[in-house]
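The structure appears right after this line, and notes come after that.
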Amino acid sequence: MQDEERYMTLNVQSRKKSSIQASQLTFKDSSAVLHRYKILLGVSGAVNGILALTLISLIVLVICPSEWLKYQGKCYWFSTEMKTWSDSYVYCLGRKSHLLIIQDQSEMAFIQKNLKQSNYVWIGLNITSMKKTWTWVDGSPLDPKMFFIKGPATENSCAATKESKIYSETCGSVFKWICQY
């Protein structure tokens with residue numbers, strides 16, 4: 001009986017020691033795991049930060065394809081052939097761009113500086129059949145204070161630029177054009 005009691009006492013003490021050692025071991029292991037987790041979290045945060053900055057840089061720093069000119073964060077392509085306004089519009093859409101939308105006089109000066117001739121060039125402005133007003137291809141109306149259109153504004157009128165002025169022309173006429181994105 002005494003042997004049994006001694007066995008029980010030793011067994012209980014042994015279990016307590018191994019239980020304490022196991023909990024200490026678990027605490028040390030979890031501390032190491034937590035440390036590794038913090039390091040991994042820090043590296044992950046740094047990588048995400050770098051990716052975010054790269055994305056912002058790509059958005060801000062517009063890169064134009066070859067044969068396109070860059071000005072104020074936009075890209076411009078000047079045609080060398082002649083098409084109707086509608087065909088020019090479709091051509092630009094096919095290149096993931098649109099006919100030129102002129103925002104201000106500075107942009108108009110850039111366009112005129114880069115036109116290599118003094119002939120008419122299609123821009124993204126036409127008379128919409130619904131409103132019967134001059135409308136840019138993005139749906140915004142022309143600001144008459146910004147630009148004056150020379151010529152009649154009829155239902156089949158599209159705009160072309162020449163020598164810093166904008167003219168109303170028949171949409172079926174053929175001119176060079178400018179794409180923009």
K150 side, atom NZ; K162 side, atom NZ - distance, nearest 0.5 Å: 11.0 Å
Pair listing, side-chain hydrogen bond (donor to acceptor under 3.5 Å, both in side chains) test, anchored in residues 95-104, at least two apart: Y91-R95
SB check E81 K176 (cutoff 4.0 Å): no
Validation row, ring centre Y181 to ring centre Y76 under 6.0 Å: no
Atom of Q180, atom of L99 and distance for their closest heavy-atom approach: OE1-O, 4.3 Å
Same apolar cluster (I L V M F W Y, side chains within < 4.5 Å links), V174/L100: no
N/O donor-acceptor pair under 3.5 Å between W77 side chain and P65 backbone: no
Within-4.5 Å side-chain heavy-atom neighbours: L142 and T135: no
Closest approach of F147 to I102 (non-hydrogen atoms, all atoms of both residues): CZ-CG2, 3.3 Å
side-chain contact (heavy atoms from CB on, under 4.5 Å) between I149 and Y167, worked out: CA-CA 5 Å; I149 310 292; Y167 296 88; 6.0 Å; no
Stepwise side-chain contact (heavy atoms from CB on, under 4.5 Å) test for V137 and I101: CA-CA 7 Å; V137 290; I101 298 172; 3.8 Å; yes
Check against side-chain contact (heavy atoms from CB on, under 4.5 Å), W134 and S168: CA-CA 10 Å; W134 286 104; S168 174; 3.6 Å; yes
All pairs passing disulfide bond (SG atoms under 2.5 Å apart) where residues 73-116 contributes a residue, at least two apart: C64-C75, C92-C179
Test item: I127 and N156 side chains (from C-beta on) under 4.5 Å apart, heavy atoms: no
Distance-minimising heavy-atom pair for L69 and F78: CD1-CE1, 3.7 Å
Nearest atoms (heavy-atom pairs only) where C158 meets W122: CB-CZ3, 3.5 Å
Pair T154-S157, side-chain donor/acceptor within less than 3.5 Å: yes
Note, T161 side chain near M108 side chain (heavy atom, < 4.5 Å): yes
Test item: side-chain donor near acceptor, E107 and Q112, under 3.5 Å: no
Separation between OG of S164 and CG of L115, rounded to the nearest 0.5 Å: 9.0 Å
Residue pair I111, I123: steps toward the side-chain contact (heavy atoms from CB on, under 4.5 Å) verdict: CA-CA 11 Å; I111 296 301; I123 61 174; over 6 Å; no
Straight-line distance of Y120 OH to I166 CD1, nearest 0.5 Å: 12.5 Å
Least distance between heavy atoms, Q105 atom then M146 atom: NE2-O, 3.1 Å
Side chains of Y89 and T84, donor plus acceptor under 3.5 Å: no
Side-chain donor/acceptor of N114 to backbone N/O of F110, under 3.5 Å: yes
Shared hydrophobic cluster, I178 / Y71 (ILVMFWY, side-chain heavy atoms < 4.5 Å): yes
Exercise: identify the closest heavy-atom pair between F175 and S88: O-OG, 4.5 Å
